[in-house]
Asks: 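The structure follows.
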Amino acid sequence: MSTDLSRAPLSGADWFAVEFDPATREVVMLDQRRLPAEVRYHRYRKPDEVVDAIRDMVVRGAPAIGIAAAYALAMVARDETGDGQMFLVANGTAGRILNATRPTAVNLGWAIARMSRRAGKVYELAPELRYQGMLEEAEAIHREDVASCRRMGEIGAADVPDGAVILTHCNAGALATGGYGTALGVIRSAHAQGKNVRVLADETRPYLQGARLTAWELHQDGIPVEVITDSMAGHFFQTGEIGFVVVGSDRIAANSDVANKIGTYSLAVLANQHEVPFTVAAPWSSVDLRTRSGADIPIEERSRDEVARIGGTTVVADGIPCRHPAFDITPARLVDAIYTERGVVRPKIGERPDVLQGEPFGSR
Ligand code: MRU
């Protein structure tokens, strides 16, 4: 299943969303549009191809698209052999184009800003050294994301009851991150600790990340998973089967409001109605203290076609409009816990992410 990468993947697994091949200086990505029917990797030589791959959701999930963008900027440095000013202009232009691809996930802008800071430090070096510096930064972003996922996974797993049936939505797994996953990192970690957990994966219309990706990825790891349609969640709360909910996030505002895949808010309402813990796992790079509340988070609108067609089959007649907000906002008052690599925030008791601002990795 693995591809012919010239080194061990930084993800730490034999399948991955995004890697860089230093021998060929190309980005390698698993085409998530084709999963689970086909496991196919593509190699991308040009930064513009990575822009298209993010927009077309070859790669998706907030941390993974940030990492892909960082590698694209390393490729910009690889190609720009002019003077330092030309390099800075090329980096800035590519950063703006990359940042416009998916507006809700703040990890994208976060990674681009971090790469720009590195560009500001290396721009006077010789082109090859500039490239090496930019690649080093992108790889650091990738490695740190995997470490963050593992740490938040351990932190979150402590809250998971033994024997719990866990509901998750969309895909916040290894496929959505540098490796290991955020929400699925919590589940993986609970499973690794010997807790007897079972997962209900919401199919996640319209893009079916739950059915196509989450179920595939948990199955690879031998973690018990069943797929339910989005409309079944209420029933399984009512029967008392669901004991814990964990999801990922694309952006967490300063007041602990959480943006995540469309449908997350409905699950939070259900979880609260049924007194089931509703929790979020996300790296610190998803926390946006400059965004005051969920109302200030831009919601990406995607195409009508993704709603009107499923797997190439038309399910809404031509000419009938569809709505397609790709994300929604879950208010802080519905969120029991936010797990990050820096520690836990408990919004329901009034905690805000800034309590973790000065905390080093995993200290709280
Ligand atoms: O549209 P997608 O598939 O990129 O949406 C992904 C999600 O909503 C994830 O839950 C989120 O990005 C967190 S991924 C660790």
Side-chain angles (χ1 to χ4, degrees), residues 11 16-18 29-33 35 53-69 101-111 142 144-146 148-153 156 167-188 201-214 216-217 230 245-252 258-268 278-288 294 297-303 306-307 324-330 335 338-341:
S11 66
F16 50 79
V18 54
M29 291 195 271
L30 177 55
D31 191 339
Q32 299 192 32
R33 299 167 307 181
L35 281 172
I54 295 173
R55 199 182 288 116
D56 297 345
M57 292 180 56
V58 171
V59 63
R60 31 66 51 199
I65 60 179
I67 293 163
T101 51
R102 304 223 44 205
T104 305
V106 74
N107 311 62
L108 192 54
W110 172 88
H142 191 168
E144 287 167 26
D145 187 62
V146 180
S148 295
C149 286
R150 289 190 170 271
R151 183 68 189 123
M152 84 184 70
L167 178 69
T168 190
H169 190 63
C170 192
N171 173 267
L175 290 169
T177 60
Y180 202 69
T182 58
L184 296 195
V186 171
I187 293 169
R188 280 198 168 92
D202 243 3
E203 66 171 350
T204 318
R205 271 282 280 152
Y207 218 74
L208 305 178
Q209 290 95 329
R212 295 192 304 105
L213 308 177
T214 293
W216 180 84
E217 128 159 40
D230 298 343
V245 183
V246 63
V247 298
S249 175
D250 287 77
R251 192 185 298 226
I252 297 167
V258 172
N260 193 47
K261 180 51 54 192
I262 192 75
T264 302
Y265 168 58
S266 322
L267 298 180
F278 178 88
T279 71
V280 176
W284 189 252
S285 56
S286 301
V287 174
D288 182 9
I297 298 177
I299 300 293
E300 177 183 357
E301 292 275 344
R302 291 189 63 89
S303 76
E306 289 176 1
V307 174
H324 189 183
F327 299 94
D328 61 25
I329 305 294
T330 299
V335 180
I338 297 172
Y339 309 116
T340 80
E341 70 276 24

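Treat the numbers as computed from the prediction; the structure is a model and nothing was measured. Read the numbers this way: they start at 1 and go in the same order the structure lists the ligands and their atoms. Computation of the quantities below employed the complete heavy-atom set of this structure, encompassing side-chain atoms and omitting hydrogens, waters and symmetry-equivalent molecules. We're numbering straight along the sequence, starting at 1.
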Asks: Please tell me whether D250 and T104 have a donor and an acceptor in their side chains that are separated by less than 3.5 angstrom.
Replies: no

Asks: Applying side-chain contact (heavy atoms from CB on, under 4.5 Å), name anything that partners A68, two or more places apart in sequence or on another chain.
Replies: V18, M29, V50, I54, V59

Asks: What does the N/O contact table under 3.5 Å look like for ligand 1?
Replies:
unit_1	atom_1	unit_2	atom_2	d
ligand 1	1 (O)	R102	NH1	3.4
ligand 1	1 (O)	R102	NH2	2.8
ligand 1	1 (O)	K261	NZ	2.8
ligand 1	3 (O)	R60	NE	2.8
ligand 1	3 (O)	R60	NH2	3.2
ligand 1	3 (O)	Q209	NE2	2.8
ligand 1	4 (O)	G61	N	2.9
ligand 1	4 (O)	R102	NH1	2.8
ligand 1	8 (O)	D250	OD1	3.0
ligand 1	8 (O)	N260	OD1	3.2
ligand 1	8 (O)	K261	N	3.3
ligand 1	10 (O)	N260	OD1	2.6
ligand 1	12 (O)	A62	N	2.9
ligand 1	12 (O)	D250	OD1	3.1
ligand 1	12 (O)	D250	OD2	3.1

Asks: For Q209 and R60, which I'm curious about, is there any donor-acceptor pair between the side chains at under 3.5 Å?
Replies: no

Asks: Partners of R302 by salt bridge (Lys or Arg N to Asp or Glu O under 4.0 Å), sequence neighbours excluded?
Replies: E300, E306

Asks: Can we say D288 and R251 salt-bridge, meaning some charged N sits less than 4.0 Å from an Asp/Glu carboxylate O?
Replies: yes

Asks: Excluding sequence neighbours, so at least two apart, what forms side-chain contact (heavy atoms from CB on, under 4.5 Å) with E301?
Replies: P325

